[in-house]
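Remember, it's a predicted structure, so these values are computed and weren't measured experimentally. Chain letters run A, B, ... following the sequence lines, proteins first and then strands; every chain starts at 1.
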Amino acid sequence: MSGATRLRAEPVSLVAAGAVTPFGADLDAFWSGLVTGSDGISTIERFPVDDLRVGRGGEIKKLRPLPSVRRVGCRATLLLLAAAEDLLARAPISAEPERIAVVLGTALGGVGELERAMAPGGRPRHAVNALYDSPAHALARRLGARGPVMTVGAACAAGATALGTGADLLRADVVDVVIAGGYDALCRFVMRGFDALRSLTRERVRPFDRRRSGLLLGEAAALVLMTREGASPGPRLGRLLGHASASDGSHIAAPDANGRGLELAARTALDEAGLTAADVDFVSAHGTGTLVNDRIEADVLRRVLGRRASEIPVNSIKGSLGHTMGAAAALEAVMCLMAGRDGIVPKTLGLEEPDPVCELDHVIGAPRAARPRISLSTSLGFGGCNAALVLEGS
Amino acid sequence: MRVGARVQAVGVLTGWGVGVAALPADARAAATAHPVVRLTRPPLDGERFRRATRECLLGVAAVQQMLDDAGLDRAAIAGPRTALLFVTAGAYGASNVEFLAGRAGTLHFPYTAPSALSAEVAIEFGLTGAYVILIGGPTATVDALWQGGRMVQDGRCDRALVLAVETFDECETLWRRARWTLPVPLVEAAACALLLPGSAEAAPAGGHRDGALETAVQQRAGSTLACGPLIALALAREAGGGTTSVRGTWRGRQATIEMTTTGREARN
């Protein structure tokens, strides 16, 4: 374990969360779906998939109507607004509008709108909403937030970097409240892309399993309300203690063969938290279910956790929901905190026969009774993006 | 916002040419009837770049231009102690349109991700440190300058590169739909600033008031979106450096940062 190289960062409170996932329209549905081992994967119905090798994914079948919102055409924005509705029902925002920031991670932004604009009979004006930062601005308008509005485009690691960036804004006293998280919506654009790359499995998603054969995509939005320590009275979900990102600098689409970027991100996030591997109680892995990702990630976790690698529970929620891309890291961060709150760690759905090359203390078969205080959450994305979060449950 | 970092060098490429010296006095007049002023594909050859898009190569060329401006070689920025912060409002648009139109091959899909551009830059220059990608216009670049400055100030890295790239040519029809928000000409650009540790308390100099540089960039370069604040820093360097207020406006929001720039003659 590397020693702390700089001052420990000021922890930031994660007061409350809101989410929409394939399990349902709110955070409770997300959590109960994970704990009960539900399967959020289904045949995609919202757009044609007949011409694709794989037409399944974690599709959200139904969203609650949004009160006082005029018709929203952009699916990604709709998911975000639904997650915000859930969040606001749990924790109202109390700060001056200029002191509220919105920081969101996404892999696809509003690209579904570009698809609409370019479709036969489509309207080019939709293309303006296809800019990847459009959904974040729509959410800021909905919340009345007039502070910074930032969209992190670090592919599937974007949600983690968004939380880290939000923490930086609070630590620097730029704002008092940050609404941070991630989102992405399923659309033909992304399904076609991953289908063409042969990344999607025709079987079930099996993170770290010897039979794993690829990922499935999902859609979701997850938001957390962040404040400085002590600024928000009442209960909170937990704290963000550390965050780091790192570039592989090795390949456009594949992770570095030795996982150097992910290892640097994980070690640096622990340094920022002022912690070592000895303090980690739980790891939420990226765990996509692809041959390469899972082997490299397991290698990295064994190196980072050292001798304790065999005794720290590890899970991946991508077997349950699919890979929700920009939402994934934010959902996983929330999952870590809820595990700490309720004393239960969800199992990795689809993992039945752990691959020896992915050897770790996987949560298999049933949720595990454990109350993790310190969690490490790891994320990777296209473009050599790596990020890690260190979280503390309340 | 102020950060404890100084701008040591800025590389600028625009549809007008290399560096801020190539900018016309009046972009609108210079563009005549052309709504888009295009940047040509940089002549970077080799097996590694065979699939790289024009915008990826522009990113690589902008970083090289910054190194030339700083008088540094590539080894000076390689490794885990250099942070890379990439910003764009829409440079991913060309790849997305290409993919949706079915004109691209199977392996093109990863290039639709904004991170493909920064990945090519990271691979080319061996950048393996902190990594942030922000999507948005000039305000996002100001945010990136702030974040990069914080990283340098906090010791999270020894130096930070803030890179911005904007292309319009392949999506001209779509961008022109947004002409009510973007004054023409739309000028393709790629720019990179090198941030090093420095004083946040340098005395104001140069006489640039809030927004003055932003106006100058729009006047001389045209609409360069995320590249605008970096071109502003290059103009400030050209004018002798000092503490400069750089503002960005995008989607009805403004962000401002005060940064100290090293004058071009004072480089070391």
inquiry  = For residues 250-258 of chain A, give me every residue with a non-hydrogen atom less than 4.5 Å from any non-hydrogen atom of chain B.
reply    =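 Near chain B, by residue number: A:Ser250, A:His251, A:Ile252, A:Ala253.
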
Pick one of side chain, backbone, both or neither for [X], based on which atoms fall under 4.5 Å of a heavy atom in chain A.
X        : answer
B:Ala140 : neither
B:Leu127 : backbone
B:Thr112 : both
B:Ala101 : both
B:Thr128 : both
B:Val97  : both
B:Ser118 : neither

At a heavy-atom separation under 4.5 Å, does [X] approach chain B through its side chain, its backbone, both, or neither?
X        : result
A:Ala162 : neither
A:Leu264 : side chain
A:Thr106 : neither
A:Asp248 : backbone
A:Arg188 : neither

ask   = Would B:Trp250 and A:Asp133 count as having a side-chain donor-acceptor pair, cut-off 3.5 Å?
value = yes

query = For chain A, which residues from residues 119-126 of chain B lie under 4.5 Å away (heavy-atom distances)?
reply =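 Expected list: B:Ala119, B:Glu120, B:Ala122, B:Ile123.
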
inquiry  = So which residue, B:Asn96, B:Thr106, B:Leu134, ends up with the most heavy-atom pairs under 4.5 Å with chain A?
reply    = B:Asn96

request  = Inspect the surroundings of CZ in A:Arg228 and state if more than 12 heavy atoms from other residues, nucleotides or ligands are less than 6.0 Å away.
outcome  =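 Atom CZ in A:Arg228 is crowded, with more than 12 foreign heavy atoms closer than 6.0 Å.
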
key: Residue, of A:Ala196, A:Ala246, A:Ala119, that accumulates the most heavy atom pairs under 4.5 Å with chain B   =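 If we count pairs closer than 4.5 Å to chain B, A:Ala246 comes out on top.
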
ask   = When you measure from the side chain of B:Glu188 to the backbone N and O of B:Asp169, does any donor-acceptor pair fall under 3.5 Å?
value = yes

request  = Look only at the side chain of A:Asn386 and the backbone of A:Ser245, and say whether a donor-acceptor pair between them is shorter than 3.5 Å.
outcome  = no

key: Aromatic ring proximity B:Tyr92/B:Phe99, centre distance under 6.0 Å   = no

